[in-house]
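Inspection log for the structure reproduced underneath, given as structure tokens.
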Amino acid sequence: MAIESLLLRIFYKLLEHYGPRKWWPGNTKFEVIVGAILVQSVAWENARGAVNSLKKEGLLSPQAILSATHEEIATKIISSRFYNQKTEKLKSFCSYLMANYDGSLNKMFSNTLSDLREDLLHIKGIGRETADSILLYAGNKLSFVSDAYTKRWIERYGLFDGLSTYDQIREIFMNNLPEDLYIYNEYHALIVHHSKSICKSAPRCHLCPIKRITEITCCKFSENM
DNA sequence: GGCCAGGACACCA
DNA sequence: TGGTGTCATGGC
């Protein structure tokens, strides 16, 4: 089966089973970006509390974050863990935004995908996953988010041999998926959700709704489909 | 008390 | 280049 149709069939199978994941929660682009930084290495529930705390204190703007002291920010985002590091990450991004785009996210996102991604990766505290999450979920740009879940996921199902780095995995998705924001948006969310829900209970077992497509062995789940 | 959750980075071999 | 330690909360 061609990679394009395989990836697409898996996507629709996951979507049919789990439904839309509705990522990424946030009322504004800036809120989405703050969430992307605060969610690093924690569950979304932890990050959401921190985002709401910043919002409640009127600190959910680049100007407010830069004006506030380290302690003022850190104490609001304790629930997101690693609050000292994340405070510096928030300030780093806001400094970049103010210095290069006068604080305007619309100006920032008018940049090309490749240029902006390169810039974001130079900001301290913004790695590949966070940069791609910002580009996709806040900027509505076609940048596929490939993370540790995605890597384990394709290894578990033996979908593609020889892919090991973040960018290799990202490119295989980007080169073989339709240029569709909805698909990019939901695919990553569905992979994460699928990995956490089904495979978590049986990490070595191919329990999944995609067995009939990939013809992989051992799938109690698919027996009930 | 232990484990895990939508990472990034510095350091070292 | 890859492995490891650091960061250091909250819910179950």
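No hydrogens, no waters, no symmetry mates; every other heavy atom, side chains included, goes into these values. Residue numbers begin at 1 in each chain, while the letters A, B, ... track the order of the sequences. In this text the structure is predicted, and so the values were computed from the model without any measurement.
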Please report the distance, rounded to the nearest Å, between [atom1] in [X] and [atom2] in [N].
X	N	atom1	atom2	value
A/L120	B/dG7	CG	C1'	15 Å
A/E45	C/dG11	CD	P	10 Å
A/K151	C/dG2	NZ	P	9 Å
A/W44	B/dC4	CH2	C1'	18 Å
A/L121	B/dG7	CG	P	16 Å
A/I77	C/dG10	CD1	C1'	15 Å
A/K76	C/dT9	NZ	P	17 Å
A/N46	B/dC3	CG	P	18 Å

Checklist entry - Considering residues at least two apart in sequence or located in another chain, which fulfil the side-chain hydrogen bond (donor to acceptor under 3.5 Å, both in side chains) criterion with A/T112? => result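 side-chain hydrogen bond (donor to acceptor under 3.5 Å, both in side chains) check on A/T112 returns A/D115.
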Next on the checklist: The criterion is side-chain hydrogen bond (donor to acceptor under 3.5 Å, both in side chains); which residues satisfy it with A/R117, sequence neighbours excluded?
Outcome noted: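 A/R117: side-chain hydrogen bond (donor to acceptor under 3.5 Å, both in side chains) contacts with A/D132, A/D167.
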Checklist entry - Where along residues 81-94 of chain A does a heavy atom fall under 4.0 Å from DNA chain C? => result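 Going residue by residue through residues 81-94 of chain A, the ones with a heavy atom under 4.0 Å of DNA chain C turn out to be A/R81, A/F82, A/Y83, A/N84, A/Q85.
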Next on the checklist: Under 6.0 Å from the ring centre and within 45 degrees of the ring axis: does the NZ or CZ of A/R152 meet both conditions for the six-membered ring of A/Y149?
Outcome noted: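 Output yes; distance and angle both within limits.
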Next on the checklist: By the side chain to side chain donor-acceptor pair (under 3.5 Å) test, which pairs, at least two apart or in different chains, include something from residues 51-62 of chain A?
Outcome noted: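 Sorted pair list: A/E31-A/K55.
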Next on the checklist: Over 60° means perpendicular and under 30° means parallel, so tell me whether A/W153 and A/Y187 are parallel, tilted or perpendicular.
Outcome noted: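 Taking A/Y187 first and then A/W153, their aromatic rings stand perpendicular (interplane angle over 60°).
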Checklist entry - Should the pair A/H188 and A/W23 be assigned to parallel (<30°), tilted (30 to 60°) or perpendicular (>60°) ring geometry? => result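 Because their plane-to-plane angle is over 60°, the rings of A/H188 and A/W23 count as perpendicular.
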Item to check | Closest listed nucleotide, where the reference is the side chain of A/Q40 and the choices are B/dA10, B/dG7, B/dA5 | outcome: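 My answer, after comparing the listed nucleotides, is B/dG7.
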Checklist entry - Among the nucleotides C/dT9, B/dA5, B/dG7, which one has an atom lying closest to any side-chain atom of A/A43? => result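 Ranking C/dT9, B/dA5, B/dG7 by closest atom to the A/A43 side chain puts B/dA5 first.
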Checklist entry - Would you say a side-chain N or O of A/T130 is under 4.0 Å from OP1 or OP2 of B/dA8? => result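 Answer yes for this pair, as a side-chain N or O of A/T130 is under 4.0 Å from OP1 or OP2.
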Item to check | Interface residues of residues 173-181 of chain A with DNA chain B (non-hydrogen, below 4.0 angstrom) | outcome: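 Residues of residues 173-181 of chain A that come under 4.0 Å of DNA chain B do not exist, since none gets that close.
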Next on the checklist: Using the P atom as the point on both nucleotides, what is the distance between C/dA8 and B/dA10, in whole Å?
Outcome noted: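 The same atom, P, in both gives a distance of 15 Å.
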Checklist entry - Closest heavy-atom contact between A/I33 and A/A138? => result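 The answer is CG1-CB, 3.8 Å.
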Item to check | Residue met sooner reading DNA chain B from 5', once A/I123 and A/D147 are mapped to nucleotides | outcome: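 Its nearest nucleotide being more 5', the pick is A/D147.
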Checklist entry - Touch check for A/I126, heavy atoms < 4.0 angstrom, all strands: base, sugar-phosphate only, or nothing? => result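 Since only primed, P, OP1 and OP2 atoms lie under 4.0 Å of A/I126, the category is sugar-phosphate.
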Checklist entry - Other hydrophobic cluster members with A/L66, side-chain heavy atoms of Ile/Leu/Val/Met/Phe/Trp/Tyr under 4.5 Å, chained? => result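 Answer for A/L66: A/M98.
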Next on the checklist: Starting from A/V145, can I reach A/L116 by hopping between I/L/V/M/F/W/Y residues whose side chains sit under 4.5 Å apart?
Outcome noted: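 A/L116 and A/V145: one cluster.
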